[in-house]
Amino acid sequence: MISINNVDQLYGGTQILWGLDLEIETGSITCIMGRNGVGKTTLLKAIMGLLPIKNGEITMEGAALNKQSAEKRAYLGIGYVPQGRDIFPMLTVEENLRIGLPVRGKRMKDSPKGSPKEIPEKIFELFPVLKDMLHRRGGDLSGGQQQQLAIGRALVLEPSVLILDEPNEGIQPNIVKQIGDVILKLNKEEGLTVILVEQKLGFARRVGKEFRLMEKGRIVAADKMENLNDTLIKQYLAV
Amino acid sequence: AETIKVGVLHSLSGTMAISETTLKDTVLMMVDDQNKKGGLLGKKLEAVVVDPASNWPLFAEKGRELLTKEKVDVIFGSWTSVSRKSVLPVLEELNGLMFYPVQYEGEESSKNVFYTGAAPNQQAIPAVDYLMNDLGVERFVLAGTDYVYPRTTNKILEAYLKAKGVAAKDIMINYTPFGHSDWQSIVSDVKKFGSEGMKTAVVSTINGDANIPFYKELGNQGISAEDIPVVAFSVGEEELSGLDTKPLVGHLAAWNYFQSVETPENEAFIKAWKAYTKNPKRVTNDPMEATYIGFKMWANAVTQAGTTDVDAVEQAMIGQKTPNLTGGMAVMNKNHHLSKPVLIGEIQDNGQFEVVWETDGVVAGDAWSDFLPGSKDLISDWTAPIKCGNYNTKTKTCSGQNY
Amino acid sequence: MTRLMKYFSEGRTSGKHTLPFVVILLGVTILASAANLFLPADSALYVSTYTITLLGKYLCYAMLALAVDIIWGYCGILSLGHGAFFALGGYAMGMYLMRQIGDRGVYGNPLLPDFMVFLDWKELPWFWLGMDHFWFAMLMAVVVPGLLAFVFGWLAFRSRVTGVYLSIMTQALTYALLLAFFRNEMGFGGNNGLTDFKEILGFSLQADSTRVGLFLITAILLAVIFVVSQKILSSRLGKVVLAIRDSESRSRFIGYRTDRYKVWLFVYSAVIAGIAGALYVPQVGIINPGEFSPINSIEMVIWVAVGGRGTLIGAVIGALLVNYAKTRFTAIMPDAWLFALGAMFVLVTLYLPKGLMGLYGQLMSKRRTANNSNNTEESQA
Amino acid sequence: MTLRRITLRRITLRHCMALCCCLFGLFSLPSFAVESTSLDPLLADLAEAKISKMVPILDKIEKASDETVLPLFRTLLNGNLYYIKSTKQVVGQFDANGDTFYKDVFTGQANPTLTKRDVKKIRVNNTLRGYLRNAIARIQLTSKNPSVRESAVRELLSKLDDDTIGILERLYPNETNKKVKHAMGLALAMNTASQTKLAVSNRIAAIDTLADSLENDVRNLLTTLSNDENPAIQSASNAALDTIAQRANRFAFVDQLFFGLSLGSVLLLASIGLAITFGVMGVINMAHGEMIMLGAYTTYVVQLIMPNYIDYSIWVAIPAAFLVSGLMGVLIERLVIRHLHGRPLETLLATFGISLILQQLVRTIFSPLNRQVSTPSWMSGSWEINPVLSLTLNRLYILAFALFVFMALVIILKKTSLGLNVRAVSQNRNMAKAMGVKTNWVDAMTFGLGSGIAGIAGVALSQLTNVGPNLGQAYIIDSFMVVVFGGVGNLLGTLVAAFTLGIATKFLEPTTGAVLAAIIVLVFIILFIQKRPKGLFPQKGRAAE
Amino acid sequence: MSTLASNSLAFNTLDNTREFFRRDQVWPFLAPEQAAVNVDNKMILYVEDLNLSFDGFKALNNLNLYINDGELRCLIGANGAGKTTLMDVITGKTQCDSGTVFFGQNHNLLNKDEAEIAQLGIGRKFQKPTVFEEQTVFDNLELSLKTDKRVLPTLFSRLTPTQIDRIDDVLKTIGLAKHRFMLAGALSHGQKQWLEIGMLLVAEPRLLLIDEPVAGMTAQETERTAELLTSLAGERTVIVVEHDMEFVRSIARTVTVLHQGSVLAEGTMDQIQSNKDVIEVYLGEEAAGEEIA
Ligand SMILES: Nc1ncnc2c1ncn2[C@@H]1O[C@H](COP(=O)(O)OP(=O)(O)OP(=O)(O)O)[C@@H](O)[C@H]1O
Ligand SMILES: Nc1ncnc2c1ncn2[C@@H]1O[C@H](COP(=O)(O)OP(=O)(O)OP(=O)(O)O)[C@@H](O)[C@H]1O
Ligand SMILES: NC(N)=O
Ligand SMILES: [Mg+2]
Ligand SMILES: [Mg+2]
């Protein structure tokens, strides 16, 4: 579905991604892991189009993605849950969610399910707290509530690819579990492709089907999740 | 030098550009004209224009630039008093020569400056006389922008009115900031003041941009010239050109020149001006006439002195006569101020003034007002033996500085 | 200790401009002064008094820009009212110079300045007392702006007025002072301000030597203020100030009373502005309420932005460059200079995001990048 | 003394109808103009007379004729009366479509052969105008139209000479219209009250009836009477004056409130665009004032294009100004602002540069002089509620207009996705992009909207103040002050702030004068912000830190 | 801010005047030495009957919490339970509606501002890492050093070799030794987390309030953090908020569970994990088991 070929990326003069290759298959749940600072977030931002890449190519279903602007990519069906939540602090929860409605409207035309003009009820089923806080400013929410909002917001887009950057940061255990269930469910029922950056092995193992290990801006190991063994962990995830 | 350089020190940007740009163009037209006549002393005139940008310290700096860097022989410039005061020390230090063409508060006479605009006794006092004698005005509103020209003029007028027996309660004084644009309360106060049974007039020293909103408010609150006439000292044809004058017909202005005065000189001047600006609707005004007179006199004085040397020209200037544009003769007096006629005009609906009153002859400009305690004993005389701008006739000395 | 050395040489770059700056500044000043005083006027190398005065004025502006940069560039407080402190310093000097005129004014009144005579004032207002003493007046030139900055800053920073709110309040402050000083009743000469000065400390203001003297003093003070400010800003206090700029609340949580730091720095900056104003007045010959005009204060900010915010040298260069451009443009193209100046501001913003110093920094960083990426490499290994 | 009422518009339907009747009366006049021939010698005198000798001649003309002389007086009053040099015959000058031609004032018959050269103007001055106005009023006392009669009576209150009183006494018993009768009664009561020869009780009764009148002339009369030698008259007058003063004070308060609201509406208009570009987008837009200026110049150009339709020009100017300023805003955003995202302070520098360029551009194109923008007739004059309270129409319309613009803007921002999107973009541009918001489009539209509204403000301001290159500079400081005082990012705050400042200024002004009032208001704002560091309506919560 | 806004102008002027004449405020050098924290009762933090509501929403509801000197206390609770808000109140960021908060027996924290509280020795790590982005890692640490934080002493202070060594030690501990001259803004999320912990360490506070330290850390890093915090306890008092149950178990002696602004349960990890209420509102049925890698 998404393939990344030989991507280089720099911040100012510092190169972060070095000729990175990555293949994401439709309907997969790919878990990207690596130590702090290896470039996971940078990679996700490059996919989303929030950072320009210097070299290489990103394609989605064969079409070049790297020439498209970030907002186009949202229309193409990429939903993004950034690290650190990045909700709109001065907008109410409801407004945070409504932002995605135009994209949702466009995308729902192609596949009619649910109402294209309204925030889908399933988000409130998933995160009931959002319903209670509908008129509170996003910035006033607690950290975990914000994280839930960020995930909910991405789901409004009715994405076909969901990019999650450490989505469980700061979330209470029962909801962590629930998020895992949701990912699995959406993947199973709607064929949602998921790219997940996750540090917590337990969660990664439970939800991920594939894993990719990163180091120094490169993918250094790739396999099915069941093959993630202690050697690899020691080599690439231990400090 | 192979040319005679004429410095032009008028703001072309900032708040004063509205008024001063016209004077820059006037000087340029005069220079052109003089060159067509063959220049002066066999040399061409060359205008050097700088922009002091309505910034007062810049007047001093640009003045210095003109005098030392460009080495100009004469400067035509300034509008506000503060800009003149700013450049004055530079003129005196470097012994430059400047012509100042705007009505002002007086209380000054420098060896290096010729004042071709009106002093208060050439504008304010005759106007008030007219109001009292011809219109029977008994109450006065002295409305001005809060700066030195209105303050001084109003001080002089207050003293003058009181001397004429006007009671203090019949004089209302009001000051507003520069560019004041919300005149509702003040106009309404004036209306109240004027509706208490005595004939009332407004003497306006409101400056520049504040006038248009003022007159618009007058019109809208229905104050007509028969009820409460306004006589202004800073509103000329140019200011009116930014204004629909229909509601203002009959309000007054006191000047030494109006475009509407029909004389051959004026007709020629207006024609030349319209041709020069390539704008058949362009109007002329009093400071332009003052510039015109100053320039003519300077040209004559240079010819007479045979040099552009400042001291020689300064002496040659005194006693210069040149026809003014309203049919009389302007004379440069010993105090560096002109003798000019005073005219009072009523605003017409075409944006022009119609002269309704004028002095019998010319009035000599008085550098030091007779109605201010500090200056009633002072005179200015730049001829020998006094040669001083502030000579005290009582103590027979030059008070203060010795210019 | 070697680590310390390494730290200073590697971590910091701003300090290293100090020496060249001081040398160049004083060198040029002294050469220009000498050229004015000792060369004949027709010499090719002669520097006219006009130029000296102009340079003197630029240096005052540079000092003012420094003051703005210290609080804006380093502490993130955008003051749109620094002209107020500058003007107050200027008025203090102006009052002194006014009193020095003595009975040489046009009315020859030994006690009252001319403008008071002709508005018929009978005695000197209380706030003019003592202003005939040079040192007292100079004290006022720093105390009054400093005090105003203290009161304003103390109120504002304790109430945690920040960002645009603070900026607009400073603008309101200078605007209110503008209106107040316009009033003739205030006793500062109204719109005309104070002018027609004769001498300072007995030296005629019209003498070349006095002008050169003032020019030299300005340059020396600028150098001193530059060095002192540099020292302050590279001390730990400087780091706290930067920390406040980055995240004021975080600074409070590690124990810094940020309001006091801000008041302190604001007062320091205001005092510099006051000094600049005091030096400016005898060189341009007039001080009037126009200096309080908010547009002036905005221009100061712009000098700093053009030069490069957050680098002292950038502030100085910006002030010199913009004002030189203004002088040249108003003379070369009096009708179109606003186009040129406006375009310059737009282009600098677009193409030199960190001002002129940023341009220099970009060149430098090319070199530094190599080092950094090495560091990163190592750490990942 | 009364103030001229003829130019004061009354806006009730009844008054409009009255006006039509009046016009109709005018057109039907020629049929009565039989005796006009007997005036000819007097008219010839008029043509030759010096300005100071004209009053007696006019007096004779008035006495010698009736309503038919009105067109003559009116033409003279407007300064349009000329005489033919050769025949000394008077003619009126008229303008239509830029051409000047001459008509007989009585018959309205055009005289196509006359040119400017054949005629000479009969000059008028203020004294003469005053005289004419009274004469017209006297003649109109017998007008068929009641409201004309009423205003004629009121006009004459200040000049109650014996002649006039005589006429009024004759007319009073037969007057049927209540209002006219009341006005006449007032005039007669004033006369009675001032007649020292009459019985004191009669005079006091008259004075008592005067107490319910707000007319200036009444007050002036009472003030004079309060110094009467008779103590009873004195106290009656004082009592009446007190009653009047009480009522007048109430109206004065309303008047002042209106001034405040009006100033507030100007502030609101000037700042509301900035509330968007600065308040919502976070661009420190120093060129905001120039956007206002462009709007004002657009009004000027529109009037230049349609000189004969000034009354409608405003309706063309409003959309035109919105487009001109809006497009300029879009241009600025696309060329400059968009490169400065994330660097809000730099926008100050760039937009300041732009403001310099725009000012000079206008100076170059339109000259540095102020341009003349005319006021449509329906916006000039005032709505006279009673003799002490009248509201100027232009300000009334502008007040309504400001509120309308405000509402429209609120609706646009609330009901379209633009409002939501722009706030999202300003809070987190990247995330907004990731949510599919076309940030470029949103930026350009929002900046265009803010600028366009500034342009509309320019149309309104062109009716109040100078249309010149400095127009914008005059409002930029106030605009920022209002937005910040209200609380950045809060439109309602801008509204409240604008009116608060407007009203505060106007209530201070009478006691402190305009300069001090401005200073006091500024100091108040500074102190207020110490109390509420984020303005009147702060953005609250964790995120606002 | 909110407190100021609620007072009347007159009152505040009076207040300001009074403040002005407080000699210790005007003349920093006259300020009395901070009195040491009185922990005679072994208790270092008393939080009693704390209430706080936002527009009617009760974020803290009669909250009581007592922390012993030298304790390591874990604070857990559902998202929005009020954990961060509690820290906000303790550190002076947020003003509470009612209640008392004492640091030791002698310091009422409610009438102190953030800086005073920090100077008393209460350090805090934020949930969302906040560091000085435009300064280097080294400078971030230098600024956080335990020193005299008044203006003039700061102006004249110089780094001592011991301080440099201390910073170096911390740099090593947090694994950023190689990044010491990097601008903090350029660090990755996890690195910023570490830096913020580092800033806490160099400040040597008596009481550490740590909000979600291991979010975004790898398993090993989490372990290291656990070791670090355990080693700090005893000498210092540590309050940790975390949702990572594995981590909590590895460090916790006493765990307090907050719910809807008040304490729901308190006890050992085992007690908490078997508490029905806690399972229902927070852990979920199988949560504890699931989380273990
Ligand atoms: N804005 C920036 N400027 C310069 N360098 C940056 C910037 N953002 C990140 N970096 C650097 O890029 C590298 C990769 O960062 P990134 O955020 O992608 O890491 P990560 O793998 O997501 O780490 P973490 O697990 O901590 O989130 C880091 O070394 C970081 O220092
Ligand atoms: N300024 C505010 N305005 C309105 N509500 C607020 C504000 N601050 C906090 N809240 C609310 O108070 C509650 C407690 O928030 P707090 O951040 O303390 O939760 P928390 O326990 O730290 O949660 P998490 O584990 O998700 O970080 C939340 O429901 C939040 O929405
Ligand atoms: N001299 C004047 N009008 O300022
Ligand atoms: Mg990351
Ligand atoms: Mg929290």
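Please read these numbers as outputs of a predicted model, since none were measured by experiment. To find a chain, count down the sequence lines: A is the first, B the second, and so on, and within it residues start at 1.
You'll find the side chain of Q184(B) reaches within 4.5 Å of the side chain of S262(D), heavy atoms only. P213(B) places none of its side-chain heavy atoms less than 4.5 Å from the side chain of L464(D). In this structure, V515(D) and T176(B) have side chains that are not in contact, with every pair of non-hydrogen atoms separated by 4.5 Å or more. Counting heavy atoms from C-beta outward, D209(B) and N370(D) have side chains that approach closer than 4.5 Å.
Only the backbone of L12(B) comes within contact range of chain D, judged by heavy atoms closer than 4.5 Å. Only the backbone of L243(B) comes within contact range of chain D, with heavy atoms under 4.5 Å apart. Residue contact with chain B, scored on non-hydrogen atoms closer than 4.5 Å, involves the backbone of V124(D) exclusively. Contacts between S19(B) and chain D at a heavy-atom distance below 4.5 Å are absent for every atom of the residue. Contact of V467(D) with chain B is not made at all, since no heavy-atom distance falls under 4.5 Å. Q348(B) touches chain D through its side chain: at least one heavy atom from C-beta onward sits under 4.5 Å away, while N, CA, C and O do not. Contact of Y475(D) with chain B is made through the side chain alone, with heavy-atom distances under 4.5 Å. Proximity to chain D (any heavy atom under 4.5 Å) is restricted, for E217(B), to the side chain, taken from C-beta onward.
Residue pairs meeting the salt bridge (Lys or Arg N to Asp or Glu O under 4.0 Å) criterion with at least one partner in residues 138-151 of chain B, sequence neighbours excluded, are R139(B)-D170(B), R139(B)-E196(B), D146(B)-R151(B), R151(B)-E185(C).
Of all heavy-atom pairs between A514(D) and I186(B), the closest is CB-CD1, 4.4 Å. When all heavy atoms are compared, the tightest approach of G14(B) to R363(D) is N-NH2, 3.2 Å. For the residue pair N220(B) and G381(D), the shortest heavy atom distance occurs at OD1-N, 3.1 Å. In this structure, S185(B) and E509(D) approach most closely via the heavy-atom pair OG-OE1, 3.0 Å. Here the shortest heavy-atom pairing between Q463(D) and K216(B) reads O-CD, 3.5 Å. When every heavy atom of N470(D) is checked against every heavy atom of T15(B), the shortest pair comes out as ND2-CA, 3.2 Å.
Across N466(D), L471(D), L263(D), T465(D), a single residue satisfies side-chain contact (heavy atoms from CB on, under 4.5 Å) together with S181(B), and that is T465(D).
For K120(D), the NZ atom counts as loosely surrounded, since its 6.0 Å shell holds 12 or fewer non-hydrogen atoms of other residues, nucleotides or ligands.
A salt bridge links D182(B) with R395(D): at least one charged nitrogen is closer than 4.0 Å to a carboxylate oxygen.
Within the model, atoms CZ of R129(D) and OG of S224(B) stand 9.0 Å from one another, a figure rounded to the nearest 0.5 Å.
Contact count against chain B (heavy-atom pairs under 4.5 Å) is highest for P368(D) among P368(D), A517(D), P510(D).
Q221(B) and T392(D) share no donor-acceptor pair across their side chains, judged by distance under 3.5 Å alone.
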